[in-house]
Number of protein chains: 2
Amino acid sequence: MTGQVRTVDGRVAGRRGQATRQKLLDCLSEMLSSSPYRDVKVIDVARKAGTSPATFYQYFPDVEGAVLEVAEEMATHGAALTELLEGRSWVGKAGWQTAQELVDGFLEFWRKHEAILRVVDLGAAEGDKRFYKIRMKILNSVNNSLADAIADLQAKGRVDKDVNPAAVAGALVAMLASVASHQKGFQSWGVKQAELKPNLALLVHLGVTGKKPTK
Amino acid sequence: MTGQVRTVDGRVAGRRGQATRQKLLDCLSEMLSSSPYRDVKVIDVARKAGTSPATFYQYFPDVEGAVLEVAEEMATHGAALTELLEGRSWVGKAGWQTAQELVDGFLEFWRKHEAILRVVDLGAAEGDKRFYKIRMKILNSVNNSLADAIADLQAKGRVDKDVNPAAVAGALVAMLASVASHQKGFQSWGVKQAELKPNLALLVHLGVTGKKPTK
DNA sequence: TCGGTAAGCTGACGGCATGACAGGACAAGT
DNA sequence: ACTTGTCCTGTCATGCCGTCAGCTTACCGA
């Protein structure tokens with residue numbers, strides 16, 4: 001499917017090569033967590049991996065190229081987000097639970113991949129299609145499921161006709177992503193993490209069903 | 001209030017100096033709009049301003065320092081966002097209009113300052129307190145007004161007791177900011193800008209009042 | 001066991017951005 | 001014209017970037 005892993009100059013990477021490559025990616029991930037994206041240098045990543053800059057350039061065209069790899073890897077893990085919504089109900093108490101579990105799972109995922117998601121968000125906002133596609137790949141699973149749920153309720157007449165399911169779903173997903181990125185910001189507004197989640201779930205529930213949840 | 005503008009080495013800047021300084025800031029702004037943050041170099045900004053890198057370093061410690069200035073300037077303009085909510089009603093048709101105008105004004109502001117806001121968002125997400133404070137300064141005006149409105153309705157018994165006004169307000173503001181940053185993303189979900197706004201307004205109204213708007 | 005071949009790594013190098021400084025250009029007041 | 005303080009830039013040491021030739025290592029077939 002993906003074909004063989006290749007170096008920049010076209011050689012196929014063997015066992016040792018792939019290990020080095022992966023180590024560089026891991027070290028890059030760590031660097032992204034500990035220092036601003038702007039200050040992440042090839043030489044630092046290489047040093048951290050116990051190798052030389054020249055080796056780095058064998059496997060990646062530049063820092064951005066390597067970041068894209070890290071992001072791609074993370075995006076495949078993001079497929080698990082689909083499970084948060086698959087076959088769930090939005091009616092009654094079950095609906096409230098669905099909303100809660102979505103918020104919980106989403107925030108957890110974002111927290112776990114905080115550093116790389118920051119960079120993906122930036123790249124997407126800057127209009128880079130590669131980052132933008134990765135961001136879509138992650139959000140689409142959640143977004144599509146949400147939009148379907150809204151469209152379903154709409155078909156049954158439980159949601160107004162003039163609601164655009166995709167727009168509402170997208171806005172809710174954007175909200176979750178943004179809140180996850182700036183959780184610390186809420187603390188200065190006197191909102192604790194534990195308080196935040198149910199309020200987010202409330203908004204999600206309101207957005208999807210148009211009604212307050214029954215708890 | 002802010003005192004005199006000073007160079008890095010402590011001299012007070014005169015008329016000519018301030019003009020040069022401002023020109024550098026303007027050129028930096030342009031650079032941020034046209035190229036990725038990571039690739040904005042002092043030498044490019046200086047060249048664009050028709051001066052030398054050494055001059056840049058007389059007024060700013062580094063690119064980040066200059067970016068903070070641009071952001072600060074933008075943040076003061078952001079005070080105008082307060083007007084979108086001051087003295088507005090959230091009841092009946094007026095409530096729907098309030099929500100619409102908030103969404104409109106917010107998106108417009110974000111669009112106008114897109115480039116610098118991207119960088120502020122990144123800096124804040126990375127935990128840099130300076131960027132984080134600027135982000136707060138912009139969002140606080142809207143957030144506080146929203147939280148007050150919710151708390152008001154809550155006091156009147158129109159909103160559930162277990163809603164945390166600050167949390168809901170913060171989440172709604174985060175949603176607006178995120179959607180504004182990634183408007184292009186919605187196009188690939190088949191959502192046009194014109195469709196997006198009323199749906200955002202709907203979510204805002206739902207979040208604040210807990211009820212569907214009367215149009 | 002022994003080469004042969006391809007993978008894997010690095011030292012070294014030209015090029016460019018950074019950041020500091022000292023000195024020259026310039027404007028304003030006397 | 002002279003002085004004073006502001007303003008700008010040429011220059012330099014330093015450090016990262018990105019490339020290449022060449023060396024080492026692992027694998028494999030004879």
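We name chains A, B, ... by the order of the sequence lines, and we start the count at 1 in each one. Remember, predicted model here, so these are calculated numbers, not experimental data.
- Axis orientation changes by 10° from one end of the helix from C/dT1-D/dA30 to C/dT30-D/dA1 to the other, with each end axis drawn from 5 pairs and the value rounded to 10°.
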Under 3.5 Å, which protein N or O atoms sit close to an N or O of nucleotides 13-18 of chain D? Give each pair with its distance.
residue	atom	partner	partner atom	Å
D/dC17	OP1	A/V42	N	3.3
D/dC17	OP2	A/I43	N	3.2
D/dG18	OP2	A/Y57	OH	2.7

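- Between the side chain of A/T98 and the backbone N or O of A/W90 there is no donor-acceptor pair closer than 3.5 Å.
- Here the straight-line distance linking atom CG of B/L202 with atom CD of B/Q100 works out to 10.5 Å at 0.5 Å rounding.
- By the side chain to side chain donor-acceptor pair (under 3.5 Å) test, B/D44 pairs with no residue at all, sequence neighbours left out.
- Atom CZ in B/R6 sits about 14 Å away from atom P in D/dG5, given to the nearest Å.
- Ring geometry for B/H205 versus B/W96: interplanar angle over 60°, hence perpendicular rather than tilted (30 to 60°).
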Collect all protein-nucleotide pairs involving nucleotides 6-8 of chain C in which both atoms are nitrogen or oxygen and the distance is under 3.5 Å.
residue	atom	partner	partner atom	Å
C/dG8	OP1	A/G14	N	2.6
C/dG8	OP1	A/G14	O	3.4
C/dG8	OP1	A/G17	N	2.9
C/dG8	OP2	A/V12	O	3.4
C/dG8	OP2	A/G14	N	3.2
C/dG8	N7	A/R11	NH2	3.3

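- Listed by chain and number, the residues in a ring pair (Phe, Tyr, Trp, His ring centres under 6.0 Å) with B/F131 amount to none (sequence neighbours excluded).
- For the pair A/F56 CZ and D/dC20 P, the computed distance is 17 Å after rounding to whole Å.
- Note on B/T55: a side-chain N or O is less than 4.0 Å away from OP1 or OP2 of D/dT9.
- Qualifying ring pair (Phe, Tyr, Trp, His ring centres under 6.0 Å) partners for B/H182, counting only residues two or more places apart in sequence or in other chains: none.
- Looking at A/E64 and B/R38, no side-chain N of the basic residue comes within less than 4.0 Å of a carboxylate O on the acidic one, giving no salt bridge.
- Summarising the local packing, CD of A/E83 is surrounded by 12 or fewer heavy atoms from other residues, nucleotides or ligands at distances under 6.0 Å.
- Ring geometry, B/W110 versus B/F106: the interplanar angle falls under 30°, so the pair is classed parallel (tilted spans 30 to 60°).
- Rounded to whole angstrom, the span from the CG atom of B/D39 across to the P atom of C/dT18 amounts to 11 Å.
- Taking CG of A/N164 as the start and NZ of B/K192 as the end, the distance is 10.5 Å to the nearest 0.5 Å.
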